[in-house]
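Being a predicted model, the structure only gives us computed values, none of them experimental. A, B, ... follow the sequence lines: proteins, then strands. Residue 1 opens every chain.
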Protein chains: 2
Amino acid sequence: MRDYVGLLKENGLKVTFQRMNILETIEKNGHMSVEDIYDEVIKVHPSISLATIYKNIILMVEKAVLVEVPISGRKPKYELAKMDHIHLVCTECGDVADKPCMDEAGKVFLALTDAERFVLNKRQVNLYGVCASCQEAVAP
Amino acid sequence: MRDYVGLLKENGLKVTFQRMNILETIEKNGHMSVEDIYDEVIKVHPSISLATIYKNIILMVEKAVLVEVPISGRKPKYELAKMDHIHLVCTECGDVADKPCMDEAGKVFLALTDAERFVLNKRQVNLYGVCASCQEAVAP
DNA sequence: CTGGTTGCAAAATTTTTGCACTGGT
DNA sequence: ACCAGTGCAAAAATTTTGCAACCAG
């Protein structure tokens with residue numbers, strides 16, 4: 001598990017049980033919507049309020065501790081900030097998997113935006129399809 | 001202007017003024033949120049209701065006439081279905097520009113998902129940064 | 001201590017739904 | 001004439017806000 005205490009302090013955020021639980025839940029599950037996070041965190045911290053989840057997600061996204069992953073046709077999900085990667089989004093179950101290897105594509109994107117006089121800050125690649133386990137479910 | 005009458009009929013949708021206005025507005029403006037569309041369409045069709053906008057967007061996305069473009073930190077936008085392209089999203093003004101050239105990246109993505117036993121259906125690339133005109137606004 | 005943080009309840013916003021009426025085909 | 005489509009108003013769902021109590025530093 002990562003050093004969330006340090007991560008929060010670096011960003012001028014106090015270390016509360018709520019925040020620790022949010023971060024640990026997201027680490028464990030990978031990609032979660034606000035509702036997903038609430039449903040999980042409330043199991044270990046029954047008194048937490050949805051407003052607290054919202055406030056903290058907004059705050060942690062601002063501080064770049066979390067990253068919003070917008071997804072076509074669904075609520076956005078949130079993940080821990082990490083090395084550049086792309087997302088494999090299953091259109092059946094909604095699950096999101098990370099895939100490293102932004103490097104090859106990275107060069108292409110830089111060339112593209114240079115020509116455009118566009119200052120590139122962040123890249124976001126979603127590949128939509130059907131994941132291995134959903135393929136099995138359809139054709140066992 | 002495209003043949004929206006044909007496009008709607010092909011998809012089993014009746015040709016109404018509301019739908020024509022929605023499609024023409026999106027063609028003219030490129031990428032629009034639900035609210036954007038409503039604000040524009042109401043100018044030429046004052047009696048249209050927001051519910052009609054919602055119902056039609058949902059319907060036309062199902063029929064793949066429109067495509068939802070989810071954007072980090074903002075409401076999703078909608079565009080006409082068109083050839084594969086990437087999005088340059090300005091984090092200052094929120095504007096979205098299309099850029100063709102999915103080909104180079106396309107190969108990379110296919111190789112990636114093949115290895116994963118992931119059936120790739122749709123690709124969505126957002127590059128976030130500051131567009132040329134917002135750069136000028138900051139440093140004139 | 002003390003300012004940031006929480007939880008609650010209320011407000012604001014956004015999206016969906018039901019239904020009578022309208023208008024395309 | 002039939003039934004998809006519209007508009008309205010109400011309901012549901014989502015997100016934000018204000019504030020008193022609380023607690024990490």
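- The OH-C1' distance, from Y38(A) to dC8(C), rounds to 11 Å in whole Å.
- Q18(B) has a side-chain polar atom (N or O) that falls below the 4.0 Å cut-off from OP1 or OP2 of dG7(D).
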Handout entry: Nucleic acid footprint by protein, nucleotides 14-25 of chain C - heavy-atom cut-off 4.0 Å, B for base, S for sugar-phosphate alone
Key = SSBBB----BBS

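- Distance CG (L8(A)) to C1' (dT5(C)): 12 Å, rounded to an integer number of Å.
- Under the 4.5 Å side-chain criterion, counting only non-hydrogen atoms from C-beta, I57(B) is not in contact with Y54(B).
- Contact annotation: the side chain of K99(B) never approaches that of F118(A) to less than 4.5 Å [non-hydrogen atoms, C-beta and beyond].
- Among the nucleotides dG5(D), dC8(D), dG7(C), the one closest to the side chain of S49(B) is dC8(D).
- One can place CZ of R74(B) at 18 Å from C1' of dT15(D), the figure rounded to the nearest angstrom.
- Note: CD (E68(A)) to C1' (dT15(D)) measures 13 Å, nearest angstrom.
- To the nearest angstrom, P of dA24(D) lies 12 Å from CE of M20(A).
- A 4.5 Å side-chain heavy-atom check between I26(A) and L66(A) finds at least one atom pair inside the cut-off.
- Contact annotation: the side chain of V34(B) never approaches that of K75(B) to less than 4.5 Å [non-hydrogen atoms, C-beta and beyond].
- Between F109(A) and F109(B), the ring planes are tilted. Angles from 30° to 60° get that label.
- Side-chain contact check for E40(B) versus D36(B): every heavy-atom pair is 4.5 Å or farther apart.
- Between I48(A) atom CD1 and dT5(C) atom P there is a gap of 14 Å when expressed in whole angstrom units.
- Distance I53(A) CD1 to dT15(D) P: 13 Å, rounded to the nearest Å.
- In this structure, R19(B) does not reach the dA4(D) phosphate: none of its side-chain N or O atoms is under 4.0 Å from OP1 or OP2.
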